[in-house]
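One-based numbering along the sequence shown.
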Amino acid sequence: MSTIFEIKDFNAPELDIYARLTENQLVNRADPDNAMFVAESPVVIGRALDAGCVPISFLMEKKHVEGKGRELLERCPDTPVFAAELEVLTRLTGFHLTRGMLCAMKRPKLPSVETVCAGARRIAVLENVMNPTNIGAIFRSAAALGMDAVLLTSEGSDPLYRRAVRVSMGTVFQIPWTYFPPEENWTDILHSLGFKTAAMALRDDSYSITETFLAKTDKLAVVLGTEGDGLASDTIAACDYTVRIPMSHGVDSLNVAAASAVAFYQLGTLSAR
């Protein structure tokens, strides 16, 4: 069983991960071998462990040590556990813990684009999507609605930010993903791997998402842009197709996370079978 440490000193350096380090400090770009992230809730932590992520420490309510956290702790017998009552944890972290449990983990090394795309028929491409909540929701939809992988540009938000992981319900650990190399043209990379690219954009010359040839395309990348501005014009020009979701009642567009769910349902492998 893990060693349990009752939290008595808010300034203990072991708690910096949870209480004082920013998301960018956790990423630790200067020393990626020691980069970390924080998973929140038993379901999310369990999925991270299932994916092979290595725990550093746990932070949880005392009651969960022998309660709903017990099974997770049994999987990690050498991992220290910091515990306190809920009101103490709320003061420490500055917010109410979702389901009373956090786990700091080592950030896994990301695979190459070629590895992520090997055997994939449907991939989601996120160009500069900045909002962690949207990132998490898109990953959850991608995993649920027949996408094989997610690829991101380096300017976008991090799928392992705490909020993104939580909103995704841990699906960031269940669906393969990685970043495109920042110095390379990612549309050229996808074309070299045999993918047709479908830019989701509201343009008069767009195909409707209901066009049957799109769902029947053998290897398709569904490309989504950042909140507000959408995809860059040169990105749309470089894609094979421009695709739009038909709208009614004068609504001009959907939030990118909502649009992703519609696109994945219509164009993912579930509909292509």
- Message: Can you tell me how far apart CG (N34) and CG (L26) are? Round to the nearest 0.5 Å.
- Response: 12.0 Å
- Note on the structure: All heavy atoms of V81 vs all of M60, minimum pair found to be CG1-CG, 4.0 Å
- Considering only NZ, NE, NH1 and NH2 on the basic side and carboxylate oxygens on the acidic side, decide whether R163 and E23 come within less than 4.0 Å. no
- Query: Using the ring of each side chain (for Trp, its six-membered ring), is W186 parallel, tilted or perpendicular to F180, with breaks at 30° and 60°?
  - Reply: parallel
- Would you find a donor on one side and an acceptor on the other, under 3.5 Å apart, between the side chain of H191 and the backbone of T187? yes
- Message: Going by side chain to side chain contact (heavy atoms under 4.5 Å, CB included), L152 matches just one of T178, V125, I135. Which one?
- Response: I135
- Here the gap from S57 atom OG to Y18 atom OH, rounded to the nearest 0.5 Å, amounts to 2.5 Å
- d(E127 CD, T226 OG1) to nearest 0.5 Å is 8.5 Å
- Message: Testing the basics here: between V243 and S208, what is the closest heavy-atom pair and its distance to 0.1 Å?
- Response: CG1-C, 4.2 Å
- Query: Mind checking whether L160 and W177 have side chains closer than 4.5 Å, heavy atoms only?
  - Reply: yes
- Task: Check whether the side chains of Y241 and T217 place a donor and an acceptor atom closer than 3.5 Å, and report yes or no.
- Result: no
- Message: Checking T22 against N24: is there a side-chain donor and acceptor pair closer than 3.5 Å?
- Response: no
- Query: In Å, rounded to the nearest 0.5 Å, how long is the span from OH of Y179 to OG1 of T153?
  - Reply: 8.5 Å
- Sequence neighbours left out, what passes salt bridge (Lys or Arg N to Asp or Glu O under 4.0 Å) with D31? Give chain and number order. none
- Message: With rounding to the nearest 0.5 angstrom, report the CD1 to SG distance, I56 to C76.
- Response: 12.0 Å
- Message: If I take atom OG from residue S233 and atom CZ from residue R203, how far apart are they, to the nearest 0.5 angstrom?
- Response: 6.0 Å
- So, for F37 and F173, is the gap between ring centers shorter than 6.0 Å? yes
- When you check the side-chain N and O atoms of E227 and N134, is any donor under 3.5 Å from an acceptor? yes
- Task: Would you confirm whether the ring centroid of Y207 sits within less than 6.0 angstrom of the ring centroid of F213?
- Result: yes
